[in-house]
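Letters A, B, ... are given to chains in the order of the sequence lines, protein chains preceding strands, and every chain is numbered from 1.
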Amino acid sequence: MKNNTKYLVTAALPYANNYIHIGHVAGAYLSPDIYVRYRKLKNDDVIFISGSDEHGTAIEMASIIEKITPQEIIDRYHFSNKKAFEDLGIQFDIFSRTSSDIHHKTAQEFFLNLYNKNILVKRSDKQLYSEKEKRFLADRFITGTCPVCGYEEARGDECENCGSNLSPSELINPRSKITGDIPVEKETTHYYFPLGNYQEKLSEWIFSKTDWKSNVINYCKGWFKAGLRDRAITRDLDWGVKVPVEGNDGKVIYVWFEAPIGYISMTKELFIKRNEPDKWKEYWCNKDSRLIHFIGKDNIVFHSIVFPSMLMAHGDFNLPHNIPANEFLNIGGEKFSKSRGNGILVKDIVKEFEPDVIRYTIATNFPESKDSEFTWKDLQSKNNNELAAILGNFINRTVVFAKSKFCNIIPGDKSLDNSDTEILNQFKESAASVSAFYDNFRFRDALSETMNAVRSANKYFNDSEPWKLIRDNKERCEAVIYTCLELCHSIAVLISPVLPFTADKILKILNKDKSDFNWEKIGERVLKSGTELGESLILFPQIEDSQIEKLISESTDSTAVKKTEMPENVIELEDFKKVNLKIAKVIECEKVAKSKKLFKLKLKIGDTEKQIVSGIAEFYNPEDLIGKLIVVVDNLKPSKLMGIDSHGMLLAAKTDGQLKVITVDGEINDGAVVN
RNA sequence: GCCGGGAUAGCUCAGCUGGUUAGAGCGUCGGAAUCAUAAUCCGUAGGUCGGGGGUUCAAGUCCCUCUCCCGGUACCA
């Protein structure tokens, strides 16, 4: 019989145009997996939902760039990411996708629900349309001048300079970010969600939450302060969920509105698969069900403001009970390539290390209150000094002792004394405090408390000195080893949320089934004397320096082997001839004030003089360049950099952390043509 | 440059609404032990909490300022 309270746990829907990396795992996936596994051990009624977010402009754009269909894009990332999660032991009850029929249907029903209640506002507007691209341009693919602060490169959805929320039509001098095409205004009709109407209810609701993390609350405060605005929830686009109202051909529901509904549709799908098609309602609608969203900090606004307001408007569903958002996990330490910044992909790291080692390293470093750091050396040290030394060693020393001194049989429990029951009781107390940490989403503290329990098991072994008892008090020795084996079982349960694979291995070593594998049995006696043990094995082999050094150098060496490929953007000779390259002599050179990278150079090119601005100040001193013969693009359209005119561009070679200006081999007159 | 987030022991991080001698793990060093993957257990040392001002009886914790770091973005070779 399950406990009454139900838990509906969701993990952020990964966007299906990228492979997930360990930063994602640390932010939004490992903590819910640990939480859910813990809840299941407590016999709680919990389901764990996630899936790929597969619609939207970015995916459509990616398909255009790669010249394949959006379906091919999302298939690639969906299946790869699904497998990556499995390999890491992230065990969803369902990991589905928003391209499914049931999601389309659910999202449309949700939309219609609001539509029929006249909550949605229909508005005809002039939107920006590119004749050249034959499409309406998505917000983020338009740039222009911010009407609030005058910043010239504001995006269609927000100004990154002043943080204002914008809609593209507000921009001054808009243009396509993709082609630079100047879009024209074209009449189109869209539905708007009146987010502003919910501000009061939302803020009241959020500020009533005393147990939410401060980063979540603070983020919302910022949004409330700025004021919530109505947002269009449809788009002129092919790739997405069709607007279910007649007369809206060529329109889809905007992803930010449609994707979170995926949590609902995926829950439905789960219970259809379980042959209980109505049961999803118990999790979404019953008062005694708790909806918990695990997300990274980049997702806070959608889960704490947008989606809840949608749920309020709809009315049938529960609001989130908590949103324990994490910060970011950075890949640091050794000189990783900053310019690439792809992070460590899950699909790659699982080939290198056992999933539990990866899980442990990430979990001890969860960015719970601020960004944290992941390094290969840390992983090695966590494996060798903690997992192997403390956990692996305790299991191993116990089992090896039983094997060599008691014929691999669980010894007698006849003469347990106070010290034995004490350590078992101590484990019960540990389990209670670990519980309290999990209940409050304090995963690092939970794990550290868990390891303390394992340490105390080692201490018990040391203090009991079974290697001496075996000589002069065999019965006591049996009791001690029996107790240690019980501790092994307790440890298996205790660590299993974080280290599920290791827990299974320990059960095999103990030759024990899962009948007593739950939280209540921690510190209890569940083994039978006289039972044969299974095969012992090393749980955490040492990770050698050489393996770590190899990984460090691989991720550092940006020049490392890259296959020669035909570049995608082949040009004709004619194209190259358009560029006038000339030799120029540097006459003057000075640093541009307040700039980090810019030099202002005066050049002599034959009879003419010209001024250019160049971003090489981090690599040269001004005096180094004066007198040098360099190569410049003579016919480049002039531009202004930090208010200074630049009439050309010098050529330089650049790689990570290095830049060299192109010069000529020997003397030649300035003004000479380069080709 | 702008926006955002940081700066606490060698390393990775805790320190709630300001209140006794600033904490943990790992690493260091010393000791005990030898069943165990040279793994354990006990103990030790290490910080004027980035600098400087201020508010307060009292500040790592609040305010101002400076420096540096990270992320995003812009300076585009």
Side-chain angles (χ1 to χ4, degrees), chain A residues 149 151-155 158-163 210 214-215 218-219 222 297-298 327-328 330 332-333 338 341 361 364-375 377-378 380-405 442 444-445 447-449 451-452 454-470 477 480-481 484 536-542 592-598 612-617 619 631-633 636 639-644 646 649-655 659-662:
Chain A
C149 68
Y151 177 61
E152 289 182 6
E153 300 292 330
R155 267 168 39 164
E158 65 174 336
C159 172
E160 273 148 351
N161 190 45
C162 65
T210 50
S214 60
N215 57 348
N218 287 338
Y219 206 96
K297 65 177 167 186
D298 52 327
E327 304 283 309
F328 291 148
N330 299 317
K338 283 173 203 156
T361 307
T364 50
N365 264 344
F366 269 147
E368 282 175 1
S369 60
K370 66 176 175 191
D371 289 3
S372 64
E373 203 84 19
F374 175 95
T375 67
K377 279 198 171 151
D378 191 44
Q380 179 193 27
S381 135
K382 292 267 160 69
N383 179 79
N384 294 356
N385 302 331
E386 295 180 37
L387 289 174
I390 297 164
L391 205 183
N393 182 236
F394 178 73
I395 309 294
N396 188 245
R397 71 199 298 202
T398 301
V399 172
V400 168
F401 197 101
K403 190 174 182 179
S404 65
K405 302 293 193 285
R442 292 171 59 180
R444 291 167 64 131
D445 286 334
L447 183 49
S448 131
E449 190 63 25
M451 287 308 281
N452 280 340
V454 183
R455 281 187 191 94
S456 71
N458 271 314
K459 179 171 168 53
Y460 165 78
F461 195 111
N462 275 25
D463 293 351
S464 306
E465 301 183 312
W467 58 90
K468 284 183 185 164
L469 291 173
I470 189 68
C477 182
V480 168
I481 294 304
C484 284
S536 69
L537 78 160
I538 298 297
L539 291 172
F540 301 99
Q542 294 288 316
V592 175
K594 286 189 191 171
S595 146
K596 206 159 86 186
K597 298 184 183 173
L598 296 184
I612 68 167
V613 177
S614 176
I616 56 175
F619 304 94
V631 181
V632 295
V633 181
L636 190 69
S639 69
K640 272 196 181 185
L641 305 178
M642 292 195 69
I644 302 169
S646 179
M649 179 167 102
L650 64 78
L651 299 190
K654 190 176 182 185
T655 175
L659 179 145
K660 293 288 174 193
V661 169
I662 306 290

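- If you check distances only, the side chain of A/Asn365 never reaches the base of B/U12 with a donor-acceptor pair under 3.5 Å.
- Looking at heavy-atom distances under 4.0 Å, A/Lys468 makes contact with sugar-phosphate atoms alone, never a base.
- Counting any heavy atom pair closer than 4.0 Å across all strands shown, A/Leu650 reaches sugar-phosphate atoms only and no base atom.
- In this structure, A/Phe401 forms no aromatic stack with the base of B/C35, since the conditions of centre separation below 5.5 Å and plane angle below 30° are not both met.
- Interatomic distance, A/Lys468 NZ to A/Cys477 SG, rounded to the nearest 0.5 Å: 13.0 Å.
- As a whole-Å value, the separation of A/Phe374 CZ from B/C26 P is 19 Å.
- In RNA chain B, runs of at least 3 stacked Watson-Crick or G-U pairs (N1-N3 plus N6-O4 or O6-N4, or N1-O2 plus O6-N3, all under 3.5 Å) give these stems: B:1-7 with B:67-73, B:10-13 with B:23-26, B:29-32 with B:40-43, B:50-54 with B:62-66.
- No contact: A/Phe394 has no heavy atom under 4.0 Å from any strand.
- Of the side-chain N and O atoms in A/Lys297, none sit less than 4.0 angstrom from OP1 or OP2 of B/G71.
- Contact annotation: side chain of A/Glu373 to base of B/U12, donor-acceptor pair absent below 3.5 Å.
- Of the candidate nucleotides B/C42, B/A77, B/A39, B/A39 has the atom lying nearest to any side-chain atom of A/Ala389.
- The distance from atom CZ of A/Arg444 to atom C1' of B/G15 is 12 Å, rounded to the nearest whole Å.
- Remark: C1' of B/C75 and CE of A/Met649 are 15 Å apart, rounded to the nearest angstrom.
- The phosphate of B/U12 (OP1 or OP2) has no side-chain N or O of A/Lys382 nearer than 4.0 angstrom.
- Listed nucleotides: B/A36, B/C41, B/U37. Nearest to the side chain of A/Lys459: B/C41.
- When the side-chain nitrogen and oxygen atoms of A/Asn385 are compared with OP1 and OP2 of B/G27, one or more of them lie within a distance under 4.0 Å.
- Here A/Ser404 lies out of heavy-atom contact (under 4.0 Å) with every strand.
- Separating the P atom of B/A32 from that of B/A14 is a span of 38 Å, rounded to the nearest Å.
- Annotation: B/G5 and B/A77 have their P atoms spaced 31 Å apart (nearest Å).
- Side chain of A/Glu368 to backbone of A/Arg442: no donor-acceptor contact under 3.5 angstrom is found.
- Across A/Leu387, A/Thr375, A/Asn383, A/Asp378, a single residue satisfies side chain to side chain contact (heavy atoms under 4.5 Å, CB included) together with A/Thr361, and that is A/Asp378.
- Using a 4.0 Å heavy-atom criterion, one finds that A/Phe328 contacts no nucleic acid atom at all.
- When the C1' atom of B/U37 is taken as reference, atom CG of A/Leu387 falls 13 Å away, rounded to whole Å.
- No hydrogens or angles were tested; on distance alone, a donor-acceptor pair under 3.5 Å links the side chain of A/Asn393 to the base of B/A36.
- Side-chain atoms of A/Ser614 never come within 3.5 Å of backbone atoms of A/Leu650 as a donor-acceptor pair (strictly under, hydrogens ignored).
- The listed nucleotides are B/A7, B/U40, B/U37; the one nearest the side chain of A/Ile538 is B/U37.
- Smallest separation of non-hydrogen atoms from A/Asn462 and A/Glu465: O-CG, 3.1 Å.
- Counting only heavy atoms from C-beta on, A/Asn458 has its side chain closest to B/C41 among B/U8, B/U37, B/C41.
- The salt bridge (charged side-chain N to carboxylate O under 4.0 Å, His left out) search around A/Lys459 returns A/Asp463, not counting sequence neighbours.
- Using a 4.0 Å heavy-atom distance criterion, A/Ser381 is classed as a sugar-phosphate-only contact.
- Comparing the P positions of B/U20 and B/C13 gives a spacing of 26 Å, expressed to the nearest Å.
- Side-chain N/O atoms of A/Arg455 include one lying less than 4.0 angstrom from OP1 or OP2 on B/C26.
- The separation between A/Asn396 atom CG and B/A38 atom C1' is 14 Å, rounded to whole Å.
- Looking at A/Asn384, its side chain never comes within 3.5 Å of a backbone N or O of A/Gln542 through a donor-acceptor pair.
- For the P atom pair drawn from B/G18 and B/C11, the interatomic distance equals 30 Å after rounding to whole Å.
- Note: A/Phe394 and A/Phe461 have perpendicular aromatic rings, judged against thresholds of 30 and 60 degrees for the angle between ring planes.
- For A/Asn462, counting side-chain heavy atoms from C-beta on, the closest listed nucleotide (B/U37, B/C35, B/C13) is B/C35.
- Checking B/C35, B/G25, B/C13 against the side-chain heavy atoms of A/Glu386 singles out B/G25 as nearest.
- Set against B/U37, B/U34, B/C42, the side chain of A/Trp467 has B/U34 as its closest nucleotide.
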